[in-house]
Structure formats: structure tokens, C-alpha cells
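What follows is a short report on a single structure.
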Amino acid sequence: MNVSRRILVTSALPYANGSIHLGHLVEYLFTDIWVRYLKMRGHDAHYFCADDTHGTPVMIRARQEGIEPEQLIERVSEEHQRDFAAFGIEFDQYHSTHSPENRKWAEFIYQALKDKQHLERRDVEQTYCENDGIFLPDRLVRGTCPRCGAAEQYGDSCEVCSATYETTDLKEPKCSICGTPPVRRSTEHIYVRLADFTDLLRDWTREHLAPEIANSVGSWIKDGLRDWDISRDGPYFGFPIPDEENKYFYVWLDAPIGYIAACDRWCQQNGREVDEFWRDENTEIVHVIGKDIVYFHTLFWPAMLHAAGLNLPSAVHVHGFLRIEGEKMSKSRGTFINAATYLQHLDPQYLRYYYAAKLSAGSDDIDLAFEEFVNRVNAELVNKLANLYSRNLKFIGSRLEGRLGRVSGEGQALVAQAVDAAEEIAAAYERRDLAAAVFKVCQLAEQGNLFLQQAEPWKVAKTEPETARDICTAIANLGLILAIYLKPVLPEMVAKIERMMKVDPLGWQDIDRLVENQEIGEFERLAERIDRKQLDSLVAAAQQEFAGASPEPDLPAHTPLADECSIDDFTKVDLRVAQILTANEVEGADKLLALKLDLGPLGERQVFAGIREAYPDSQSLVGKKVICVANLKPRKMRFGLSEGMVCASGGPKEASDRQVRVIGADPEAQPGDRVS
RNA sequence: GGCGGAGUAGCUCAGUCGGUAGAGCAGGGGUCUCAUAAGCCCCGUGUCGGCAGUUCAAAUCUGCCCUCCGUCACCA
């Protein structure tokens, strides 16, 4: 019934440009728990991962630190692996995309794409910084939106009017690294014609993805698959493309190939053949990813594998994102919590338990709410589970000479009930519904507590010690069965249970094996209760960690000072006090508020301001006196004419939590008065 | 705006084929004492986001609307 399967499991490769944080850990803990389960079932299962090391951000970061990219990625890799190990995440192989294996496979797959004529060369005009000597990705170019004229917009889209365009369309573009204006330069890129694989992908996505994921991927396919640019011009940190001058593989080409490279490395060291995994169709390949990278894993990646004659994934498991206290992680609020910071305050087992208890098979986001975290850990992990071992085993130790009896009488039904749950729990693990597995274990633990309450061995022991011994032996055996079910989630805690019970490491096959008539060992406490204060100090530490630091480490810490200007330049700008008469949300624009301004003698103006996110309650603006650029050339927008601009302050555009605030005038100031 | 997902008790979530809704936690009360101030017992009418429709019957099917999340490709 339990045929051994060969299964290769991966998590997405963390980028070698930052630390592992609680959001990453959702994925790695989930995968670790699932693979541990598969191994317990006796499957030939392996967990492979690697650092994703290539690309412009790594190159720039290394340059900023004055070191070679290789030094940077080595340091980051060590840090990543230290964090993973501390959380009990066990990879069979943790490799790097900057490795000989990865290069070999990247070249192999590229060659296959080339041989089968899926590649195409095309000239593109791109933005190039002569000062830094590199082509600039969209995020690193800023300028004035060609459509609405908003300043300081990204190279790909305008945050004010949500227009999308090419970096080359921007007016007055500037390089975000050095601030100098980039130039346009024509260059030849290599594209994969993804549309060649349309039929294959349509079929594959239907068969191997969860329905909701297949639906959304299906709509991309239906809209027509676009070609994929897989080359970048040097200087670029990556692998050179064979037979090309100064061209490198785009980081996303070789990133997923890292899965194969890690497997290859492991095979070399363990006497296995990489073909067993990537060319033998009996192998299951399961990629665990976040929903942000579905496109790459369900379209590009299967196409590449197919072209190279390699196995396609059997499943791509998509999990949701982590939210903290219902919101995105935020450095300023202290909810951007690195793995290392967490470890200084809390036991990693808490997080393993909490994530497992919340992660079901779907791709909904999960929320880490501090109060719930404390409650669940204390109520379930400690009170319900750890305390069941504590009350029982301590009692056996102190009152029953530390020796087990037999599972008899009603205890047999209790144990049988736990054994019978094996199938249900296995099914939950199998469909990757960790929450359902944990829930069932909690239910069984409740049964154990209830059983003890009713059997009252502490009373029975006074007159019939052997009966009491049998009662406790039933609970001890229940405890062993629960330990088996929980072992993928809480391996360290279960190791303690194994020691206390003096049994060999537990496997799934031990579920219906009774442990009777033997000595048990010293009691060890399994888990401590958490105090809310520990969470508070963790948040304080996380906040401290980023205080004063750049909101986005790879981008400038603050908006650079603009060039010097003369008083004449300044007086060209006619700033006036304006009172906000109405403030309304603009239909069809997520970021705009339509403001009606009273400029006193200058009359009323309509202005569209990109401040909707900063002022969710737009009505709070009504009546405020603000500063307005009154002589700005009126701009026709999709939603109407904008006759001016309201002055507002805010952190760098890149900052995820920039505080945008309008500049208020003194309440006594008169609408229409000039600012000078 | 297009597409995808979600909206069920204070919180986190279950609800297979349509038959007028449930677990855990939190909260209140009681009780035992082996145990990590743990255990056990009792207490849950919430417009199942809104409106309309199909049906004898809808949280569950259909349509429209509202809110939240994701995504719309050269962004790692």
C-alpha cells in the first residue's frame, strides 16, 4: 500500500542580496515539514535548494560595498544557511546558482533551445548609464512621466497616472545609482519564443496545477504568450552566453536551473545519477513557490525543461504571502522581522508549529497576529500537547517507579482511536494541508487529557497501583503516536520524547507498535509558555534594526539633494495658499484624489493629486489649507484637467512605507496669498 | 480597467452531493489537583459582504454590486 516514490522537492531560491525573514520562512518551513513527512513514509524524497546569486542588484550591492560579487554571495550564503539550520530546515543539498553545475545545465538548456530554433535575436533600444557603464533595469531609472508629467517616476510605469511605457519614453531620465542622465543605446538581445510552447503549456498547466492557479495561468496563455528576453549585456554578474560577445544569461534563466544544479551536486556526492530525477519519468518533481513567481514556474520553466528533454514538474505548490498583524511587513512598524532577530527572542519551534497550524493547501495569505501566536502556542502546543506528556510522564516517574505497564481496558480504545487517525493525518500531509494534520493531533491530545481526567490515576494509584500504571501506559502510548504525527513539524521536541521514552527514533511504521513494561527516562520539559512581552521586545528589536537605515538597502537612503537653483528659478514657481473645498476619490484611479481648491481671488481649481493611499479618509483633507503650485501648466489627464499641484512631502519613491503628507499652511493664512 | 482568488461568531478558520451553520482560541461561570496558574464541565441566534433571481428549500447554483489581496511580463 505504501510504495516508495522518488520525489524531488524544492523551495524557491532566496536572492543573495538580503537576509532571510519571517516571510521566507513560510515557504522553507512548509517545504521542510512536508519533505520530512515524505521521508518518514519511507519515500526516496529530497529537498534541494540554492542561493540565487546573479543579476544587477547583486552586482551593484557588491560594488557599493567595495567587494567582488563572489565575496558577497559567499557571505550571504553562509548567513542564509545558518538561519535555515537554526529553524531546523534540513536540505539534502543547499547549493548556489553561481556554481559549475549550474553553468553546465544553463548552457545545456540554452543549447537545446537554440538547436530547436526557439531563439530569436532582436534589436532593442535600452537605457544605458555611461557613468556606471551598465544598462539600467527599469527600477533603476527615474524620470518624468511622458503622459501626465509627474516627476520622479519609475522607468516602467507612472505611479500617478498608472501609464506604462518604456524607460526610453521617460522625459529627463536619471540613473538611480549616480544621478546622471542615461543615454539610449541600441543592443541586440536574445529572446525565447514562448508561444512555440503554447499547446504544451495549456495541457500541462491543466493537469499539474491547483484549479485556481491553472485558471489564472490559463488567462495568460489565452492572451498570447510573449517572447522572453533571456540575455543581458555586460557588465553583468552571471554566466556568459556561449558564442556571444559580452552577453550574459538573464538571472531568471539560470535561477530555476539551480534546482537541477543542486540535485546534480548532491548526486555526485551520494553516488546517484542526476538522470534518475530529471530524465526518469517515474520521478515526481514538486516546486514550492510563492504566488509572485507563478509566471516563471508555470510557463518559462516547463517550456525550458521540455525543450531540453527533461522531466516537467509534477506539481507546483503555490502558497500565500505572510502578513503580520494583518498588514504587509513593515520596517518602520517593526514587523519586518529577520530570521536572526526572531531567534534572539523566541524558540524556532513556536514558528514551526504556528505556520504548520495555519498553512492549508490553498494559496491564501496567512496572517501572523501576535495575540493569536501567543494564544495558539500557549493553548495548543504547551497546554494541550506538552503538558499532556508532562503530567503523565512525571507521574509515572514520581509515583510509579518510572516503569510502564500494559495498555489495557479502556486505554486500548484510546490508543486504537489514535492509530485509526493515521490515514486521515497522512492524507492531510499528502495533500499538503498541514493545518488539518495539526488540528487532528490536537483533537487526539484533547482526548488524552479527557481520558486522564476521567481515569484519575492519581487516585487509583493509592489502592491499585498496577491499574494506575496501565492508565498511564495508555497515555504514554498515545503520546508516542502523536509524536510520530508531529515529528515533521517538531523534530526537536519529538527527539526529547524519544529520549524520555527510551525508544529508537520513531517512524511511521511504529504507529501500531505498543511500548509496554519498560523503564522510562528522566523527564525533560518540552516547550515553555510565551509571554506577550517577548513578542513586544522582538518587534522593538526589529524596529531598532532598521531605524535610520535605508528603507530599501539596494537603493539610495534618501532623495539626493537637487542641483542648486537661483532665486529667479524659485520665483518662477508661483506657490499659493489654497483651501481644500472637496476631496473625492477618482473612479478608475487607485492613487488619485480629485481636489477642489479655493485660491481666494484666483478662483477655484481642480487638481488631481496622487495622495489617495496616504489619505484613505479623503474627507479629513476638506477644509485644510495647503500649498499649491498655481502657475503649473494645466495637464490633461484621463480623468479631467489638473490645474496645478498640491505640495506634499514624502520619503524616497522607492520606500515601501514612505509617508506622504501634504504641506499645510497656517490656519490663519488666506487662500490665494503667495508663498515667498 | 482586464484577469485570478477571497469576504462565515470578538480572532483564526471548517462547512463534501443545495435542506434554514459548526470547531479551536479569546471571554464568563463551576470543578479536580497528576501537570508548564495546566486539565475537565457549562455558556455561542452570527443580516454566512450586499441586492436580485432559480428552487418546495441556498452560506452552498445564476446575475449584478461592494470590499480586500494578487497579477497584467523584461520586475528581482
Side-chain angles (χ1 to χ4, degrees), chain A residues 15-18 52 54-58 124 126 137-140 154-157 162 164 166-167 189 191 194 210-220 222-223 225-232 250-252 255 290-296 299-300 318 320-321 323 326 328 357-358 360 362-367 369 371-376 378-380 382-384 386-400 435-436 439 442-443 446 448-461 468 471-472 475 523 525-529 554 587-590 638:
Chain A
Y15 197 57
N17 183 30
D52 180 20
H54 292 151
T56 310
V58 161
V124 288
Q126 274 202 320
D138 292 354
R139 269 192 87 83
L140 293 181
Y154 286 132
D156 56 348
S157 67
S162 68
T164 57
E166 300 297 317
T167 56
H189 276 221
Y191 288 78
L194 196 58
E212 69 269 23
I213 305 296
N215 278 345
S216 86
V217 175
S219 71
W220 290 330
K222 206 171 134 199
D223 293 346
L225 296 168
R226 307 274 190 90
D227 297 344
W228 182 33
D229 182 355
I230 57 161
S231 67
R232 291 292 184 275
Y250 174 45
V251 54
W252 259 110
K291 53 188 181 180
D292 52 336
I293 55 176
V294 168
Y295 202 97
F296 291 93
L299 297 173
F300 294 148
V318 182
F321 287 139
R323 302 173 73 80
K328 283 185 189 171
K358 298 207 73 164
S360 53
S363 54
D364 295 336
D365 288 353
I366 70 162
D367 187 27
E371 191 178 340
E372 193 206 358
F373 183 83
V374 172
N375 285 340
R376 287 194 88 142
N378 287 343
E380 297 174 11
V382 180
N383 297 352
K384 211 171 274 186
N387 184 238
L388 179 62
Y389 293 92
S390 178
R391 62 192 302 204
N392 190 234
L393 300 181
K394 274 177 134 171
F395 185 79
I396 296 173
S398 62
R399 305 273 280 272
L400 299 168
F439 181 72
C442 281
Q443 274 191 329
E446 281 177 42
N449 278 314
L450 181 55
F451 180 85
L452 267 186
Q453 193 64 32
Q454 289 168 348
E456 298 183 308
W458 49 91
K459 282 186 184 164
V460 177
I471 292 167
C472 293
I475 296 294
F523 180 74
R525 286 175 73 91
L526 295 173
E528 299 305 320
R529 299 172 61 79
D554 53 335
E587 201 166 330
D590 296 342
R638 186 157 40 138

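Since this is a predicted model, take the numbers as computed values, not measurements.
Going from the P atom of C34(B) to that of U8(B) covers 44 Å, rounded to whole Å. A gap of 13 Å separates the P atoms of A9(B) and U45(B), to the nearest Å. For the C1' atoms, the distance linking G53(B) with G4(B) amounts to 26 Å, nearest Å. Of the P atoms belonging to U12(B) and G49(B), the separation is 15 Å, rounded to the nearest Å. Between C48(B) and A59(B), the distance separating the two P atoms is 7 Å to the nearest Å. Across C11(B) and C64(B), the matching C1' atoms stand 32 Å from one another, rounded to whole Å. C66(B) and C74(B) are spaced 35 Å apart, taking the C1' atom of each and rounding to whole Å. Taking atom P in both C69(B) and C13(B), one finds a spacing of 16 Å when rounded to whole Å.
Look at U20(B): it lacks any Watson-Crick or wobble partner with both distances under 3.5 angstrom. Base pairing of A26(B): no nucleotide in any strand meets the Watson-Crick or G-U wobble criterion (both distances under 3.5 Å). Judged by Watson-Crick or G-U wobble contacts below 3.5 Å, the nucleotide C3(B) has G70(B) as its partner. Taking a pair to require two hydrogen-bonding distances under 3.5 Å in either a Watson-Crick or a G-U wobble arrangement, C48(B) remains unpaired.
Annotation: salt bridge (Lys or Arg N to Asp or Glu O under 4.0 Å) contacts of Lys328(A) (sequence neighbours excluded): none. By the salt bridge (Lys or Arg N to Asp or Glu O under 4.0 Å) test, Glu371(A) pairs with no residue at all, sequence neighbours left out.
When heavy atoms are screened at a 4.0 angstrom cut-off, Asn387(A) is found touching base atoms of the nucleic acid. Heavy atoms of Tyr191(A) sit nowhere under 4.0 angstrom from any nucleic acid atom. Here Phe373(A) lies out of heavy-atom contact (under 4.0 Å) with every strand. Using a 4.0 Å heavy-atom cutoff across all strands shown, Asn383(A) reaches sugar-phosphate atoms only and no base atom. Among the protein residues, Ala461(A) comes within range of no part of the nucleic acid, since none of its heavy atoms lies under 4.0 Å from any strand. Nucleic acid contact for Ile230(A): none, since no nucleic acid atom lies under 4.0 Å from a heavy atom of the residue. Nucleic acid contact class of Tyr250(A) (heavy atoms, under 4.0 Å, all strands): sugar-phosphate only.
Not one side-chain nitrogen or oxygen of Tyr295(A) sits closer than 4.0 Å to the OP1 or OP2 atom of C74(B). Contact annotation: Lys222(A) side-chain N/O to G2(B) OP1/OP2 distance is not under 4.0 Å. At the phosphate of G70(B), OP1 or OP2 sits under 4.0 Å from a side-chain N or O atom of Lys328(A). Of the side-chain N and O atoms in Arg529(A), one or more sit less than 4.0 angstrom from OP1 or OP2 of A38(B).
No donor-acceptor contact under 3.5 Å links the side chain of Tyr15(A) to the base of A76(B).
With hydrogens and angles ignored, the 3.5 Å screen pairs no side-chain donor or acceptor of Lys291(A) with any backbone N or O of Phe321(A). Under the 3.5 Å distance criterion, the side-chain polar atoms of Ser398(A) are matched with a main-chain donor or acceptor of Lys394(A). At least one donor-acceptor pair under 3.5 Å links the side chain of His189(A) to the backbone N or O of Ser231(A).
Rounded to whole Å, the distance from CH2 on Trp220(A) to P on G5(B) is 13 Å. To the nearest angstrom, P of C13(B) lies 10 Å from CG of Asp365(A). Rounded to an integer number of Å, the gap from Arg226(A) CZ to C74(B) P is 9 Å. When the C1' atom of A38(B) is taken as reference, atom CG of Asn375(A) falls 15 Å away, rounded to whole Å. Regarding Lys358(A), its NZ atom lies at a distance of 11 Å from the C1' atom of C25(B), rounded to whole Å. Look at CZ on Arg376(A): it is 17 Å from P on A23(B), rounded to the nearest Å. Nucleotide U36(B) holds its P atom 13 Å from the CG atom of Leu388(A), rounded to whole Å. As a whole-Å value, the separation of Glu380(A) CD from A26(B) C1' is 12 Å.
The side chain of Ala386(A) sits closest to U36(B) out of A76(B), C40(B), U36(B). With distances taken from any side-chain atom of Asn215(A) to the nucleotides C41(B), G70(B), G5(B), the minimum falls on G5(B). Listed nucleotides C74(B), U36(B), A76(B) differ in distance to Val382(A); the shortest reach to its side chain belongs to U36(B).
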After noting the C-alpha distance and the side-chain angles of Arg376(A) and Glu380(A), does the key distance pass the salt bridge (charged side-chain N to carboxylate O under 4.0 Å, His left out) rule? CA-CA 5 Å; Arg376(A) 287 194 88 142; Glu380(A) 297 174 11; 3.3 Å; yes
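Residues Phe321(A) and Asp227(A) both approach RNA chain B. Their nearest nucleotides, taken by heavy-atom distance, put Phe321(A) toward the 5′ side.
One distance of note links CG of Leu194(A) with CH2 of Trp228(A); it measures 8.5 Å at 0.5 Å rounding. Interatomic distance, CD1 of Ile396(A) versus CZ of Arg399(A), reported as 12.5 Å (0.5 Å rounding). Atoms NE2 and OH, on His54(A) and Tyr15(A) in that order, are 9.0 Å from each other to the nearest 0.5 Å.
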Dump the pairs, protein N or O against N or O of nucleotides 32-34 of chain B, anything under 3.5 Å, distances to one decimal.
{"unit_1": "C34(B)", "atom_1": "O2'", "unit_2": "Arg391(A)", "atom_2": "O", "d": "3.2"}
{"unit_1": "C34(B)", "atom_1": "O2", "unit_2": "Arg391(A)", "atom_2": "NE", "d": "3.2"}
{"unit_1": "C34(B)", "atom_1": "N3", "unit_2": "Arg391(A)", "atom_2": "NE", "d": "3.4"}
{"unit_1": "C34(B)", "atom_1": "N3", "unit_2": "Arg391(A)", "atom_2": "NH2", "d": "2.5"}
{"unit_1": "C34(B)", "atom_1": "N4", "unit_2": "Arg391(A)", "atom_2": "NH2", "d": "3.0"}

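Between Glu528(A) and Val382(A), the closest side-chain pair of non-hydrogen atoms is not below 4.5 Å.
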